[in-house]
Amino acid sequence: SQAYRQDEQGLLWLALPAGRHTVRMQGASSGQVTLPFPLGAPNVQLELPADWQVQGLRDGRLSGRELLLSQTKAADVQTTAEQHRQRFPSFVQVERQLELRTEWLLTTTVTRVAPESGAIRLSLPLLAGESVLSGEIEVRNQQAQVVLAADQQQLSWQSRLTPQAELTLSAADSSEYAERWRLLSEPIWQVDYQGLNPLNQPGDALTWQPRAGETVSLSIASPIAAHG
């Protein structure tokens with residue numbers, strides 16, 4: 001029987017017994033290679049030429065379910081797919097949902113807008129006091145390193161926020177993404193805002209759809225219990 005098979009998603013699977021093995025793969029490259037690891041891998045070591053770099057690897061461990069290998073120098077000859085990606089720059093929608101409960105949590109969801117396929121990479125600044133909880137998201141210089149695989153439509157992760165009296169949300173002037181902010185708050189917190197008005201009426205989850213450069217300043221306090 002064959003030692004390998006191709007599944008419905010086009011992934012090649014290789015059957016190997018337990019132990020250490022060397023697998024050699026060969027093929028043409030247009031300057032970018034995606035290596036999927038759907039089952040994960042505890043230890044990954046790479047030796048790359050000087051003009052190649054890797055994303056998705058941190059201290060020998062995968063930060064997601066795939067590695068992106070890319071050539072830093074532009075190839076002299078571009079494929080049709082590369083030219084297509086140049087005509088349609090990548091763009092995503094970023095939604096940050098803040099949940100002010102006993103513990104403050106932030107859920108960030110990145111959704112593909114364009115192109116319909118192809119790997120997308122971008123750096124997304126963290127909010128003040130944000131600590132990413134998901135081990136699949138690499139953070140460098142207070143920026144989340146977002147990687148969407150070639151056919152991946154969405155990526156979400158959760159963070160913890162440090163409670164603070166003042167929190168400012170600012171929409172970056174970016175050609176790579178647009179933002180949407182949602183705020184859910186339990187009654188133990190009193191929230192006032194200044195700046196951009198929300199899309200909906202108070203009482204529901206407050207939602208903002210800012211344009212580049214617009215801000216919302218949140219003043220957050222815990223109500224003082226009345227005596228009596």
With a 4.5 Å cut-off on side-chain heavy atoms, are [Y] and [X] touching?
{"X": "E99", "Y": "T107", "value": "yes"}
{"X": "F91", "Y": "P115", "value": "no"}
{"X": "Y177", "Y": "V146", "value": "no"}
{"X": "L106", "Y": "L127", "value": "yes"}
{"X": "T215", "Y": "L196", "value": "no"}
{"X": "W189", "Y": "S222", "value": "yes"}
{"X": "Q97", "Y": "L184", "value": "yes"}
{"X": "T207", "Y": "R180", "value": "yes"}

Testing the basics here: between [X] and [Y], what is the closest heavy-atom pair and its distance to 0.1 Å?
{"X": "V113", "Y": "Q93", "value": "CG2-N, 3.8 Å"}
{"X": "Q164", "Y": "T162", "value": "NE2-O, 2.8 Å"}
{"X": "S170", "Y": "E179", "value": "O-OE2, 3.7 Å"}
{"X": "L161", "Y": "A128", "value": "CD2-O, 3.7 Å"}
{"X": "R112", "Y": "A150", "value": "NH2-O, 3.3 Å"}
{"X": "L218", "Y": "W208", "value": "CD2-CH2, 4.2 Å"}

Inspect the surroundings of [atom1] in [X] and state if more than 12 heavy atoms from other residues, nucleotides or ligands are less than 6.0 Å away.
{"X": "R101", "atom1": "CZ", "answer": "yes"}
{"X": "E186", "atom1": "CD", "answer": "yes"}
{"X": "Q153", "atom1": "CD", "answer": "yes"}

Indicate, with yes or no, if [Y] and [X] share a hydrophobic cluster defined by side-chain heavy-atom contacts under 4.5 Å among Ile, Leu, Val, Met, Phe, Trp and Tyr.
{"X": "W157", "Y": "L169", "value": "no"}
{"X": "V94", "Y": "I120", "value": "yes"}
{"X": "V216", "Y": "V191", "value": "yes"}
{"X": "L167", "Y": "V132", "value": "no"}
{"X": "W181", "Y": "L100", "value": "yes"}

- Query: With distance as the sole test, does Q154 use its side chain to make a donor-acceptor pair with the main-chain N or O of L148 at under 3.5 Å?
  - Reply: no
- State whether the side chain of Q145 and the backbone N or O of Q143 hold a donor-acceptor pair below 3.5 Å, judged by distance alone. yes
Nearest 0.5 Å please: distance from the [atom1] atom of [X] over to the [atom2] atom of [Y].
{"X": "Q142", "Y": "E130", "atom1": "CD", "atom2": "CD", "answer": "8.5 Å"}
{"X": "E138", "Y": "S123", "atom1": "CD", "atom2": "OG", "answer": "9.5 Å"}
{"X": "T111", "Y": "Q152", "atom1": "OG1", "atom2": "CD", "answer": "10.5 Å"}
{"X": "R96", "Y": "L126", "atom1": "CZ", "atom2": "CG", "answer": "7.5 Å"}
{"X": "E176", "Y": "L122", "atom1": "CD", "atom2": "CG", "answer": "5.5 Å"}
{"X": "S219", "Y": "Q194", "atom1": "OG", "atom2": "CD", "answer": "6.0 Å"}

- Message: For the residue pair R121 / S70, report whether a side-chain donor-acceptor contact shorter than 3.5 Å exists.
- Response: yes
- Message: Do T109 and E95 pair up side chain to side chain, a donor and an acceptor below 3.5 Å, judged on atom types alone?
- Response: no
